[in-house]
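Heads up: the structure comes next, in C-alpha cells.
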Amino acid sequence: MASGSRRDIALAARAWPFEEARKVLARIERRQKAGRALDTVLFETGYGPSGLPHIGTFGEVARTSWVRQAFHELSDIPARLVAFSDDMDGLRKVPDNVPNQEMLREHLGKPLTSIPDPFGTHGSFGAHNNARLQAFLDRFGFSYEFFSSTDCYRSGLFDQAVLAVLGHYEEVRDVVLPTLGPERRATYSPFLPVCPRTGQVLQVPIIAWDTAAGTVVYEDEGRRTEVPVTGGHCKLQWKADWAMRWFALGVDYEMSGKDLIPSVELSTRIVRILGGEPPETLSYELFLDEAGQKISKSRGNGLSVDEWLSYGPEESLAFFMFQKPRAAKRLFFDVIPKSVDDYLAFVAQYRREANEAAAFENPVWFIQGGSPSAEDYPASFALLLNLVSASGAQDRNVLWGFIRAYAPGASPATHPGLDRLVGYALKYFEDFVKPQKRYRAATAKEREALAALADALENMAEQRDGETVQNVVYEIGKSHGFEPLRDWFKAIYEVALGQTQGPRFGSFAALFGCAETAVLIRTALSGAFLPGAKI
RNA sequence: GAGCCCGUAGCUCAGUGGUAGAGCAUCUGACUUUUAAUCAGAGGGUCGAUGGUUCAAUCCCAUCCGGGCUCACCA
C-alpha cells in the first residue's frame, strides 16, 4: 500500500530521528535559498574535560548517529559526525580516581594536554582521556571523526573564528556578562590567555585588545602581558568557545542535555554575532537514578555502561537510549529486562514487516545500522530470568535444558542471540537472585528423608525422565510421613535450593542430573550452605 | 524566578485525530499427585481538570491543577 519512493517515505517517517533530520534538511534548503549552499553537513558531539566516557556519552553518540542515519535517507549531501574533545580546558581539580595525585596537583590550571599522563601510558593526561574516549566509541562501532580542541587551536584551524570573536569583543562579552554571577563578572573575558611562563589557562581581566594585531593584554600578578589570541595562545571561555567552534567548523547539528539549555541559547546568540548560523539543536532529558535523582558521575549513582552490558546486550542499551529522548527516564538495573524484551518485540515486528515504511519507524532499523539481521527469539528475557530463578540453574547447559522444554528445536547453534541472553540471565541470577537465597537446616525427620532421596537419586544416576524421578521423590516423601506432601517439597527447596519455591523437582533433577542432585542434597545436609559455614 | 518533562488499568509504562494497549499484579481454568514456571481466559481505566478547533479530541491549541527535574559557580 505504501507508494512513493524510499525518500518520500523517509520524508514522512515519524520516528524522532527523522523529525530531527528534517530540521537539518530544512536548514539546507534555507541555505540554498540564501545562496550559501552546503556541500557537507556536520553533526557534532562534545565531551567535557574529564574525557571519561559514561553511559550518557553512549546515549549522545548513538542518538546523534541515528539522526545522521535518518538524514542519509533524506539527502545525498554527505554528513560527517565529529567527536570533539575539550582537551584544552584547564584542569580545575584533581580527580580522586587517578594515580599520581601529587604530580597532578602541581599542574592544576594547565590544559589537560599539557599535563603528564598520570597513568604513564600516553603523551599527556588529555591524550590519555582522548584515547579512552575513542576506544569507547570504537568498541560500539560508531563512525566518527575525532577532533582535539588543543589541535584545533594550535594548528590555527580556529584562528579565523577566534579573530572573529576578537572583532566582536564587546558584543560577545556583553551577551555573556548578564549570565554570570557578580564575582565572575568582575574578571570575565571571552579570552583565557595561556600563561607563557606557567602554561596555565588564566581567568584574568583583559585590559586591552587589539583587533588589528590579533592580541589581548592581560594583567596577572601585577604584570602586563600581551599575547596573540591565535595559535593556541588563548583559549576561549567555554560559552564563547562552543559558539566559536560551531562557527569555525560549521556545525549543523548538535544535541545536549537539558542542563545546557541556557548555554545553547547563549551560544546561539554569540554565533549570530559572529555572522554564522547556529546549528539545529535538541535538548534531551537527563537520566535519573533509582530514587529519581539526576545521575552524576561524581556521585556514582545510576548505572555504568559496563554494568548494563553485563546484564543485557548492547542493543538493549541502545534501545533504551532510542526511546523518547525528551522524557526523563530512570536508569537502573531493573529497567534492563524490560528494555531487552521490548527490543526483542521490535525485532519480531521487523521480521513480520520488512517494508521501508515500517522499517523507518522501527528502532531496530536504527540500532542495527539500517540492515538488521532479524533473529528469532523463541523465549523472552523475562522468561529466561524466571527460569533461572525458579530452577536455580547456574550453568548454560542446564538452562538450555529447560529452554528446550519450551522451545523444541532451539539450541545455542540455531539461536546464538538467545544464547547470549542465557548468559545475561545467569549473570543476573548470580548477582541479584542468589544473594537473596536463604538456606535453612533440615529437621531430623527431613534429614532422614533427604538422605534417602540422595541415595535414591544416586541409584538412578542415568535417569533422564522427569516424571519417573518425580514419582520417586513423591514416594520418599510419603514413606517418611510428610502430610501434607507439600511440606516435603517445601523442605527440599528450602534446604537444598535456599528458596521457598522452585521448579517441579523431578524435572529439575532429571535435567540437572540425578547424580549431581544427590551431591547437591548431601552438600546441603552437611550444612555447607548455611550462614556462617566455611565453604 | 526562568525553562523542560510528566500526568493513560492496582504498579511500571506504550500508543493513535475515528469503539483504549502491554508487562507485572489479581482472579479462574489447564498441565491426571506440592509450589513456581508455562499455557488458556477473565476482571479492571469519565486516557489530570476546564475551555477551544473539528463531523469526530486521550491525541492538536489555550488555561489551570498536580508531580518531577534542570539552570542561575564551573564546564
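Side-chain atoms are counted along with the backbone in the values below, which use heavy atoms only and exclude waters and symmetry mates. Protein chains get the first letters and strands the later ones, always in sequence-line order, with residue 1 at the start of each. Keep in mind it's a predicted model, so treat the numbers as computed, not measured.
- The pair A:E265-A:K239 does not count as a salt bridge, with every side-chain nitrogen at least 4.0 angstrom from each carboxylate oxygen.
- Taking atom CG on A:L91 and atom C1' on B:A75, their separation rounds to 12 Å, with Å as the unit.
- Straight-line distance from the CZ atom of A:F320 to the C1' atom of B:A14: 14 Å, rounded to whole Å.
- The side chain of A:F489 has B:U34 as its nearest neighbour among B:U34, B:A75, B:C5.
- Comparing the same atom, C1', in B:A20 and in B:C59 gives a spacing of 12 Å after rounding to whole Å.
- We find that CG of A:N362 is positioned 13 Å from P of B:G15, with the value rounded to whole Å.
- Annotation: A:F58 is not in aromatic contact with A:W308 [ring centroid separation under 6.0 Å not met].
- Using C1' as the reference atom, B:G41 and B:G48 are 33 Å apart when rounded to the nearest Å.
- Of the two residues near RNA chain B, A:R92 and A:F346, the one whose nearest nucleotide lies more 5' is A:F346.
- Atom-to-atom, OH of A:Y474 to P of B:U35 comes out at 12 Å; the value is rounded to the nearest Å.
- Remark: the separation of the P atoms in B:C47 and B:U19 is 13 Å, to the nearest Å.
- The gap from the P atom of B:A25 to that of B:G66 amounts to 35 Å, rounded to the nearest Å.
- Below the 3.5 angstrom threshold, one finds no donor paired with an acceptor across the side chain of A:K258 and the base of B:C5.
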Intra- and interstrand pairs of RNA chain B - dot-bracket, Watson-Crick/G-U under 3.5 Å, | marks other strand: (((((((..((((....[..)))).(((((.......))))).....(((((..]....))))))))))))....

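- Distance from the side chain of A:E285 is smallest to B:C4 among B:U70, B:C4, B:U34.
- Across the P atoms, B:C39 and B:U58 are found 35 Å apart, a figure rounded to whole Å.
- Spacing between atom CD of A:Q203 and atom P of B:C74 amounts to 8 Å, rounded to whole angstrom units.
- The side chain of A:W238 has B:A75 as its nearest neighbour among B:G3, B:A75, B:U16.
- For B:C5 and B:A9, the C1' atoms lie 23 Å apart once the distance is rounded to whole Å.
- Remark: the separation of the C1' atoms in B:U34 and B:U16 is 47 Å, to the nearest Å.
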Verdict with reasoning, A:R22 to A:E280, per salt bridge (Lys or Arg N to Asp or Glu O under 4.0 Å): CA-CA 10 Å; A:R22 282 194 290 268; A:E280 305 304 313; over 6 Å; no

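- The phosphate of B:A14 (OP1 or OP2) has no side-chain N or O of A:Q323 nearer than 4.0 angstrom.
- Along RNA chain B, the nucleotide nearest to A:Q470 and the one nearest to A:S283 differ in position, and the one closer to the 5' end is contacted by A:S283.
- The distance between atom CG of A:L286 and atom P of B:C4, rounded to the nearest whole Å, is 15 Å.
- Remark: A:R245 engages A:D86 in a salt bridge, criterion side-chain N to carboxylate O under 4.0 Å.
- When the C1' atom is compared between B:U26 and B:C64, the two are found 36 Å apart, to the nearest whole Å.
- Rounded to whole Å, atom C1' of B:C74 lies 14 Å from atom CG of A:L266.
- Residue A:K324 places no side-chain N or O under 4.0 Å from the OP1 or OP2 atom of B:C5.
- Comment: A:E285 engages A:K258 in a salt bridge, judged by a side-chain N to carboxylate O separation of less than 4.0 angstrom.
- Side-chain atoms of A:L180 lie closest to B:C74 of the nucleotides B:G68, B:C74, B:U70.
- Ring-plane geometry between A:W66 and A:F366 is classed as perpendicular, the angle between the planes exceeding 60 degrees on a 0 to 90 degree scale with a lower cut at 30.
- At whole-Å resolution of the value, CG in A:L112 and C1' in B:C74 are 14 Å apart.
- Note: A:W238 and A:W242 have parallel aromatic rings, judged against thresholds of 30 and 60 degrees for the angle between ring planes.
- Note: A:W488 and A:Y474 fail the aromatic proximity criterion, with ring centroids not under 6.0 Å apart.
- A centroid separation of 6.0 Å or more is found between the aromatic rings of A:Y350 and A:W365.
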